[in-house]
Amino acid sequence: MEKTYTIGTRSFVLDQAKAESAFAAKRVINGRQVPYFNILPLKYGWAYDLYKKMKANHWEPEDISMQKDVEQWRDAALVGDNERWIVMMGIGYFSAAEGIVGDNVLHVVRELVTAPELKLVLGRHAHEENIHADSLLYMISSLGINPHECEAMFEQIETISRKNDFVSRTSNSLRRDLDLTDPVNKQLLAKNIFVFGQCMEGTQFYGLFGMILSLYRQGKFPGIGQMFRYTLRDESNHIELFRNLFMDLVEENPEIWTPEFRQQLRDLMAEAVELEKEFIRDCLPINAVGLSAAEFERYIDYIADRRLTGLGLDPINPGTENPFPWLAELMDMKKEQNFFEGRVTEYQKTSSLGSVNDDDL
Ligand code: FE
Ligand code: MN
């Protein structure tokens with residue numbers, strides 16, 4: 001079918017069949033590769049919806065006051081060394097981790113997917129990792145922490161570097177020319193998407209999220225707690241993005257979904273959980289401030305199984321219950337719209353204040 005536009009003396013013929021074949025050639029991988037960015041017609045509607053939702057959640061670190069945090073940080077009578085250590089570990093780990101996630105999104109996943117709407121939402125994902133990295137910079141400079149110490153933590157705290165090595169392994173193996181029609185390479189990419197979305201952002205981020213929000217609940221470091229709540233809301237969208245991407249990749253390439261492959265994914269999650277538990281024990285060497293490492297370890301078992309079942313994989317510890325039901329309340333920001341001050345609310349006024357996705361907690 002052709003359509004002709006006649007403008008003055010000139011006419012232009014547009015071929016509907018060409019547009020339709022371009023749409024039909026949209027794929028997660030191995031689709032039509034063009035250097036331009038025609039998002040319409042949408043094939044992956046979820047990606048565009050998520051992009052809009054992520055944009056509506058925009059926040060800037062400087063909108064959150066660090067004044068109380070600074071007072072508490074400087075006064076040993078207000079918060080003790082155990083609390084300060086949790087914050088140090090949070091800053092040390094996330095300073096490294098946010099950059100690793102953003103880099104993998106841009107240089108591995110966004111490079112390899114072919115549909116423009118997927119590249120669009122992945123660009124927003126990478127930008128949110130920049131915001132998270134910037135929020136850590138803001139915490140470090142407000143509290144007056146020596147930035148070299150953060151670098152040192154990344155390199156010298158073994159439980160941090162082991163978590164980072166675990167994810168970097170699956171990222172580095174994809175940074176070369178890959179024949180993505182080979183099922184082995186398709187599985188490598190699927191593993192990368194699984195490890196970053198479900199094991200790292202989906203599970204290994206949650207030990208510290210839980211600890212820092214526990215402190216927040218006790219009135220300790222309210223500015224840091226608030227920034228972590230925003231970060232967590234973003235991460236919840238990243239987990240969903242990578243879950244949808246994973247499921248569409250598998251649906252379009254069903255040959256990779258073998259029993260052996262499913263077992264490999266569960267083994268990767270089990271490894272991620274072990275690394276996270278060792279890390280939690282470093283964050284909470286003694287049971288202080290009402291937090292116990294054992295409870296946080298159980299929380300990680302619970303979260304990891306939700307990630308696995310979310311992808312149709314069998315849980316590792318079926319029946320594990322959430323030891324922190326209050327955490328779900330605190331992570332649900334819908335109830336507290338009036339709590340927000342200033343510009344943060346204004347960024348969100350055009351659309352629903354996206355809360356954490358129900359499945360994520
Ligand atoms: Fe992040
Ligand atoms: Mn993220």
Side-chain angles (χ1 to χ4, degrees), residues 46-47 50-61 63-64 87 89-110 113 118-140 150 153-154 160 163-164 166-168 170-171 192-213 223-246 272 276 279 300 303-304 306-307 310 331 333 344 347 354-357 359-361:
W46 62 262
L50 200 50
Y51 167 75
K52 301 289 270 185
K53 186 176 170 192
M54 288 160 81
K55 218 158 54 78
N57 284 349
H58 188 75
W59 61 285
E60 295 285 349
D63 290 333
I64 295 142
V87 169
M89 288 293 266
I91 289 172
Y93 173 60
F94 281 112
S95 293
E98 304 289 8
I100 291 175
V101 173
D103 184 72
N104 184 69
V105 167
L106 275 186
H107 297 294
V108 176
V109 184
R110 193 182 179 285
V113 302
L118 299 177
K119 289 181 185 277
L120 177 83
V121 72
L122 287 164
R124 175 71 206 182
H125 181 171
H127 179 59
E128 290 184 357
E129 301 309 343
N130 289 343
I131 296 171
H132 300 167
D134 190 23
S135 76
L136 291 158
L137 184 157
Y138 176 56
M139 292 175 215
I140 292 167
C150 300
M153 288 185 87
F154 167 45
I160 291 182
K163 284 210 286 181
N164 288 331
F166 167 69
V167 296
S168 299
T170 137
S171 188
N192 175 286
I193 294 170
F194 174 79
V195 163
F196 273 86
Q198 309 309 313
C199 301
M200 186 191 195
E201 297 188 285
T203 302
Q204 293 186 323
F205 278 16
Y206 277 69
L208 274 170
F209 282 157
M211 284 178 240
I212 287 177
L213 291 185
I224 292 174
Q226 189 59 26
M227 280 186 257
F228 270 90
R229 292 178 78 200
Y230 286 131
T231 297
L232 201 145
R233 182 176 59 179
D234 295 337
E235 297 306 346
S236 146
N237 289 326
H238 302 170
I239 296 162
E240 186 182 337
L241 198 178
F242 269 40
R243 182 167 54 210
N244 288 339
L245 198 58
F246 181 92
E276 182 59 13
F279 174 72
I300 292 307
I303 288 284
R306 297 198 69 156
R307 304 298 175 233
M331 289 175 181
M333 304 217 280
V344 177
Y347 292 129
S355 71
V356 170
N357 304 304
D359 280 357
D360 290 339
L361 306 170

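Ligands are counted one by one from 1 in listed order, and the atoms in each one are counted from 1 as well.
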Taking the Mn ion (ligand 2) as the apex, ND1 on H238 and OE2 on E129 give an angle, to 10°, of 90°
So, of the N/O/S atoms that E98 has, which is the nearest one to the Fe ion (ligand 1)? OE1
Cation-pi check, R243 onto F194 ring (under 6.0 Å, within 45° of axis): no
Is there a donor-acceptor pair closer than 3.5 Å between any side-chain N or O of N237 and the backbone N or O of M54? no
So, for H132 and Y230, is the gap between ring centers shorter than 6.0 Å? no
Atom name in E235, limited to N/O/S, at shortest distance from the Mn ion (ligand 2): OE1
To the Mn ion (ligand 2), the closest N, O or S atom belonging to E201 is OE2
Whether H238 has an N, O or S atom under 2.8 Å from the Fe ion (ligand 1): no
How large, to 10°, is the angle at the Fe ion (ligand 1) when you draw lines to OE2 on E235 and to OE1 on E129? 140°
Which atom of C199 lies closest to which atom of F166, heavy atoms considered: CB-CE2, 4.2 Å
H58-E128 side chain donor-acceptor pair, cut-off 3.5 Å: no
Please give the atom name: the N, O or S atom of H132 nearest to the Fe ion (ligand 1). ND1
Please evaluate residues F196 and H238 with respect to the criterion ring pair (Phe, Tyr, Trp, His ring centres under 6.0 Å), reporting the C-alpha separation (whole Å), side-chain torsions for both, the decisive distance (0.1 Å), and the verdict. CA-CA 9 Å; F196 273 86; H238 302 170; over 10 Å; no
